[in-house]
Amino acid sequence: MRNIAYGFTNENTTKKMKVSKLILEKLLSDTDFRLSTALALKVSERTVADYAKKESDNLTKYAAFLYYKSQGFTVAEIFA
């Protein structure tokens, strides 16, 4: 396994990061937040809504993460 080869043996290194329920709820209820996230990801607003409904890993992309941080969310609030 690649993580072990580099000395990363913590079980958390193999888990995928998920966006928190707080972010998902905000994406589904706040049009401006959803639109700005879509601009950050360079996708449509509808696509972001679909990502939120499916709890997609695309919402953890670095561009989205930077946008969430710019809105005042902490790392603990962003990721579940």
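All values derive from a computational prediction rather than experimental measurement. For reference, positions follow the sequence shown, starting with 1.
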Exercise. Is there a path from Leu66 to Leu24 through hydrophobic residues (I, L, V, M, F, W, Y) whose side chains come within less than 4.5 Å of each other?
Worked result: yes

Identify each donor-acceptor pair in which a side-chain atom of residues 70-80 lies under 3.5 Å from a protein atom, sequence neighbours left out, and give them as a table.
from: Ser70; atom 1: OG; to: Tyr67; atom 2: O; distance (Å): 2.6
from: Thr74; atom 1: OG1; to: Glu77; atom 2: N; distance (Å): 3.2
from: Glu77; atom 1: OE1; to: Thr74; atom 2: N; distance (Å): 2.9

For this session: Give, for atom CZ of Phe65 and atom CE of Met17, the distance between the pair rounded to the nearest 0.5 Å.
Result: 8.5 Å

For this session: Look up atom CD1 in Ile23 and atom OG1 in Thr60, then write down how far apart they are to the nearest 0.5 Å.
Result: 12.0 Å

For this session: Search all heavy atoms of Ala64 against all heavy atoms of Leu41 and return the closest pair with its distance.
Result: CB-CD2, 3.8 Å

Exercise. Any side-chain heavy atom of Lys18 sitting closer than 4.5 Å to one from Asp57?
Worked result: yes

Exercise. What's the spacing between Leu27 CG and Leu35 CG if we round to 0.5 Å?
Worked result: 11.5 Å

Exercise. At what distance, to the nearest 0.5 angstrom, does CG of Leu28 lie from CZ of Phe33?
Worked result: 11.0 Å

Could you list the donor-acceptor pairs under 3.5 angstrom formed between side-chain atoms of residues 43-50 and any protein atom two or more places apart in sequence or on another chain?
from: Ser44; atom 1: OG; to: Thr47; atom 2: N; distance (Å): 3.1
from: Ser44; atom 1: OG; to: Thr47; atom 2: OG1; distance (Å): 2.8
from: Glu45; atom 1: OE2; to: Arg34; atom 2: NE; distance (Å): 3.2
from: Glu45; atom 1: OE2; to: Arg34; atom 2: NH2; distance (Å): 3.2
from: Arg46; atom 1: NH2; to: Asp50; atom 2: OD1; distance (Å): 3.2

Problem set entry | From NZ (Lys61) to OG (Ser56), nearest 0.5 Å | 8.0 Å

Seminar exercise, completed: The side-chain hydrogen bond (donor to acceptor under 3.5 Å, both in side chains) partners of Lys21 (sequence neighbours excluded) come to Glu55

